[in-house]
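Working notes for the structure below.
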Amino acid sequence: MEEALGSPRAEVAAQEVAMATEPVAAEPTVPSLVDRYFTRWYKADVKGKPCEDHCILQHSNRICVITLAGSHPVLQSGKTIKSISYQISTNCSRLQNKVSGKFKRGAQFLTELAPLCKIYCSDGEEYTISSCVRGRLMEVNENILHKPSILQEKPSTEGYIAVVLPKFEESKSITEGLLTQKQYEEVVVKRINATTATS
């Protein structure tokens with residue numbers, strides 16, 4: 001049975017059609033928590049290994065959160081993480097890092113190239129994640145040991161690798177060897193162009 005043109009149901013249907021066909025005004029994007037409080041810095045090709053890029057999230061209080069950059073092979077589709085280990089050598093485990101007090105006693109001191117953890121993938125590949133900044137190791141993310149998939153699902157938040165506190169006097173200079181977001185994007189574009197040119 002057809003609705004009469006002036007009936008309330010017909011008016012509601014007409015309004016729904018009008019709303020569905022109107023152009024939707026783009027809502028302003030709200031920056032994420034990470035983008036609001038942290039500055040992203042990048043280290044490309046860590047230790048000379050192609051595409052093994054790291055992201056360092058630097059807070060205004062100088063704390064640095066070490067994460068994987070979006071172009072890292074571990075975050076590419078088809079990769080499955082088998083396990084993650086903070087055991088760097090037979091005598092050194094990042095899990096043994098115990099920090100206490102105002103002066104962060106007991107924290108392990110890291111150089112830029114100090115390994116933080118090793119990621120083992122199901123395809124046999126192994127990746128060593130480095131600190132990229134000098135400072136004291138405040139904590140490692142033990143959650144990724146129990147649920148490695150969060151490293152791939154949420155690399156900048158729950159899937160972070162570690163938290164490092166640079167020395168106060170070095171907090172400005174630690175970014176000298178790192179790339180800004182724009183510089184990093186340019187590196188990724190050059191890589192893509194280089195691979196498409198060779199294929």
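Since the model is a prediction, treat every value here as computed from it, not as a measurement.
- Remark: K43 does not engage D53 in a salt bridge, criterion side-chain N to carboxylate O under 4.0 Å.
- Although no hydrogens or angles enter the test, the distance criterion places a donor-acceptor pair under 3.5 Å between the side chain of R62 and the main chain of P166.
- Note on L113 and I88: separate hydrophobic clusters, where clusters join Ile, Leu, Val, Met, Phe, Trp and Tyr whose side-chain heavy atoms are under 4.5 Å apart, directly or indirectly.
- The two residues R191 and A44 come nearest to each other via the heavy atoms NH2-CB, 3.9 Å.
- A salt bridge links E186 with K182: at least one charged nitrogen is closer than 4.0 Å to a carboxylate oxygen.
- Side-chain N or O atoms of Q58 include none that pairs as donor or acceptor with a backbone N or O of I63 at under 3.5 Å.
- Distance alone, capped at 3.5 Å, places no donor-acceptor pair between the Q87 side chain and the L95 backbone.
- Side-chain atoms of E153 do not come within 3.5 Å of backbone N or O of G159 as any donor-acceptor pair.
- Here K82 pairs with nothing under the salt bridge (charged side-chain N to carboxylate O under 4.0 Å, His left out) rule; sequence neighbours left out.
- For Q183, the side-chain contact (heavy atoms from CB on, under 4.5 Å) test picks out L179, T180, with sequence neighbours left out.
- Taking CZ of F38 as the start and OG of S156 as the end, the distance is 10.0 Å to the nearest 0.5 Å.
- Here CZ of R136 is found 13.0 Å from OG of S131. Values are rounded to the nearest 0.5 Å.
- Judged by distance alone, the side chain of T67 and the main-chain N or O of C55 form a donor-acceptor pair under 3.5 Å.
- Note that CG of N143 is 8.0 Å distant from CD of E158, once rounded to the nearest 0.5 Å.
- Remark: E125 pairs with no residue by the salt bridge (charged side-chain N to carboxylate O under 4.0 Å, His left out) rule, at least two apart or across chains.
- Here the straight-line distance linking atom CG of N141 with atom CD1 of I66 works out to 12.5 Å at 0.5 Å rounding.
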Can you check side-chain contact (heavy atoms from CB on, under 4.5 Å) on I144 and Q152, steps first, answer last?
-> CA-CA 10 Å; I144 61 175; Q152 292 171 309; over 6 Å; no
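- A donor-acceptor contact shorter than 3.5 Å is absent between the side chain of H54 and the backbone of C132.
- K118 meets the side-chain contact (heavy atoms from CB on, under 4.5 Å) test with Y120, E126, T128; sequence neighbours excluded.
- Under a cut-off of 6.0 angstrom, the local environment of OH in Y37 is sparse, with at most 12 non-hydrogen atoms contributed by other residues, nucleotides or ligands.
- Every residue two or more places apart in sequence or in another chain was checked for a salt bridge (charged side-chain N to carboxylate O under 4.0 Å, His left out) with K47, and none qualifies.
- Judged by distance alone, the side chain of R94 and the main-chain N or O of P115 form a donor-acceptor pair under 3.5 Å.
- For P155, the side-chain contact (heavy atoms from CB on, under 4.5 Å) partners at least two apart in sequence or on another chain are L75.
- For the pair L145 and V140, the minimum side-chain heavy-atom distance is 4.5 Å or more.
- Side-chain contact between M138 and L165 is present, with heavy atoms from C-beta onward closer than 4.5 Å.
- Between C51 atom SG and H72 atom NE2 the span is 9.5 Å, to the nearest 0.5 Å.
- Under a hydrophobic clustering in which Ile, Leu, Val, Met, Phe, Trp and Tyr are joined whenever their side-chain heavy atoms come within less than 4.5 Å, directly or via other members, Y127 and I161 fall into the same cluster.
- At a threshold of 4.5 Å between non-hydrogen side-chain atoms, the residues Y160 and V163 count as touching.
- Between the CD1 atom of I129 and the OH atom of Y86 there is a distance of 9.5 Å, given to the nearest 0.5 Å.
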